[in-house]
Chemist: 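Can you keep this structure in mind? I'll have questions shortly.
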Amino acid sequence: MSDTRVQRRRRYLVCEPRHFAVQYAINPWMHPDTHVDVDLAQEQWQALISAYRTHGHTVDTVEPVPGLPDMVFAANSAVVVGGRVFGSLFHAPERRPESTHYETWFKTAGFDVYRPEAVCEGEGDLVWTGRYVLAGTGFRTTRDAHREVQEFFGHPVISLTLVDPHFYHLDTALFVLDDDNIAYYPEAFSAGSREVLARLYPDAVLATREDAVAFGLNSVSDGRHVFITPQAETLAARLDDHGYVPVPVDLSEFRKAGGGIKCCTQEIRS
Ligand code: ARG
């Protein structure tokens, strides 16, 4: 079946973890006294970039800024659909300054950037499926932001409520495989949101709690290859059964901040 899965080449924006650290705690994975091995983080991150390039994707980089240890999580900076950039407004004051640095990158690259009025954390919570936006709320991005996103893009926005603080961003509990399907961890969602997902995606690939805790849902798919943590073994096997090709990339050092592969990756859709 894997011959039926078609890759689409992507453009990704990433930020080198030169200043990556855990200095504050804004999600349950973070403990401020945690030592981060920056050399190891750099190595793991470079392996992710190499994997993207090896598979034919374009990778752009934004310059990291000292004092912004979470800036490496590029996915939170914006959501980009059809060349239109909906920027970010972080929940945590510690992360708020990141938005302008990313905005500068986008402007220099030739994009206009919409500055949201409501709290929203880019692709962390706003996931483009190819037809509409799945939008997480409960911990970070607000429902007001969901309305703003719909107004800005003119695409339907489907609000989903996250209920487990370990999965505080939608991209820790769900990712898009291609225009027709997703993978997710049902228990991260409220009962009603679970029903919505089951209706929209009756053939979704479901993850176990072990997969989710390993950040297996914080994955990036190009339609065929799925860049995924090697610890999400059950999920990788299920993806393989569905004809996708798991490409293991270990970003274990970033889990100390509550992040993984997708968190480090902003997709620029032209
Ligand atoms: N420490 C960061 C935070 O809590 C991690 C962000 C992870 N990014 C993501 N797209 N889930 O904000």
Side-chain angles (χ1 to χ4, degrees), residues 12-17 19-36 38 41 44-45 48 62 64-65 67-80 86-99 101-102 116 119-128 133-142 145 149 160 162 164-176 183-185 188-189 207 211-221 227-229 232 249 251-268:
Y12 298 128
L13 176 64
V14 297
C15 178
E16 192 200 313
H19 308 297
F20 175 52
V22 179
Q23 294 171 347
Y24 46 79
I26 54 172
N27 68 54
W29 306 92
M30 298 177 90
H31 304 287
D33 41 7
T34 305
H35 170 72
V36 167
V38 176
Q44 293 182 334
W45 183 87
L48 176 65
V62 58
V65 176
L68 296 177
D70 273 335
M71 195 173 162
V72 62
F73 299 118
N76 300 133
S77 67
V79 58
V80 187
F86 186 94
S88 55
L89 175 58
F90 284 88
H91 176 73
E94 293 91 337
R95 295 199 66 186
R96 289 213 164 173
E98 292 178 35
S99 300
H101 296 292
Y102 277 97
V119 166
C120 64
E121 301 198 350
E123 288 197 305
D125 278 319
L126 303 165
V127 175
W128 174 246
V133 178
L134 296 176
T137 189
F139 300 101
R140 303 283 182 95
T141 301
T142 61
V149 170
L160 301 167
L162 295 161
D164 182 334
H166 288 97
F167 310 110
Y168 57 94
H169 271 150
L170 183 59
D171 75 357
T172 63
L174 175 153
F175 71 98
V176 170
Y184 69 101
Y185 172 53
F189 297 91
D211 294 324
V213 167
F215 276 74
L217 292 157
N218 199 245
S219 294
V220 169
S221 170
F227 303 90
I228 184 168
T229 173
V249 181
L251 289 196
S252 58
E253 208 52 22
F254 296 87
R255 266 182 65 182
K256 296 174 176 175
I261 293 171
K262 174 60 207 172
C263 300
C264 292
T265 312
Q266 167 70 52
E267 184 170 346
I268 301 178

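As the structure lists them, so they are numbered: ligands from 1, and atoms in each ligand from 1.
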Chemist: Among Arg95, Glu121, Glu123, which one satisfies side-chain hydrogen bond (donor to acceptor under 3.5 Å, both in side chains) with Asn76?
Modeler: Arg95
Chemist: Looking only at distances, please establish whether an N/O atom of ligand 1 is found under 3.5 Å from an N/O atom of Asn218.
Modeler: no
Chemist: Closest non-hydrogen protein atom to atom 9 (C) of ligand 1, residue and atom name please, with distance?
Modeler: Cys263 SG, 2.8 Å
Chemist: Measure up the Phe20 and Phe254 rings against each other and bin them: parallel (under 30°), tilted (30 to 60°), perpendicular (over 60°).
Modeler: parallel
Chemist: For a quick test of reading the model, state the closest non-hydrogen atom pair linking Phe167 to Ala212 and the distance between them.
Modeler: CE2-O, 3.4 Å
Chemist: Enumerate the atoms of ligand 1 whose separation from the nearest heavy atom of Met30 is less than 4.0 angstrom.
Modeler: 1 (N)
Chemist: Show which atoms of ligand 1 fall inside a sub-4.0 Å distance from at least one heavy-atom site of Arg140.
Modeler: 3 (C), 4 (O), 12 (O)
Chemist: Please report the shortest heavy-atom distance between Tyr24 and Pro69, naming the atom on each side.
Modeler: CE2-CG, 3.8 Å
Chemist: Does any N or O of ligand 1 fall below 3.5 Å from an N or O anywhere on Glu121, backbone included?
Modeler: no
Chemist: Against ligand 1, does Tyr168 come closer than 4.0 Å with any heavy atom?
Modeler: yes
Chemist: Flag yes if more than 12 heavy atoms outside His166 fall under 6.0 Å of its NE2 atom; otherwise flag no.
Modeler: yes
Chemist: Considering heavy atoms of the protein only, find what lies nearest to atom 12 (O) of ligand 1 and give residue, atom and distance to 0.1 Å.
Modeler: Arg95 NH1, 2.6 Å
Chemist: Would you check whether Ala257 has a nitrogen or oxygen atom less than 3.5 angstrom from a nitrogen or oxygen atom of ligand 1?
Modeler: yes
Chemist: Answer yes or no: is there a donor N or O on one side and an acceptor on the other, between the side chain of Tyr102 and the main chain of Met71, under 3.5 Å?
Modeler: yes
Chemist: Within the structure, is a non-hydrogen atom of His91 found at a distance of less than 4.0 Å from ligand 1?
Modeler: no
Chemist: Looking just at side-chain N and O atoms, do Glu98 and Ser77 make a donor-acceptor pair shorter than 3.5 Å?
Modeler: no
Chemist: Return the residue, atom name and 0.1 Å-rounded distance of the protein heavy atom closest to atom 10 (N) of ligand 1.
Modeler: Asp171 OD2, 2.7 Å
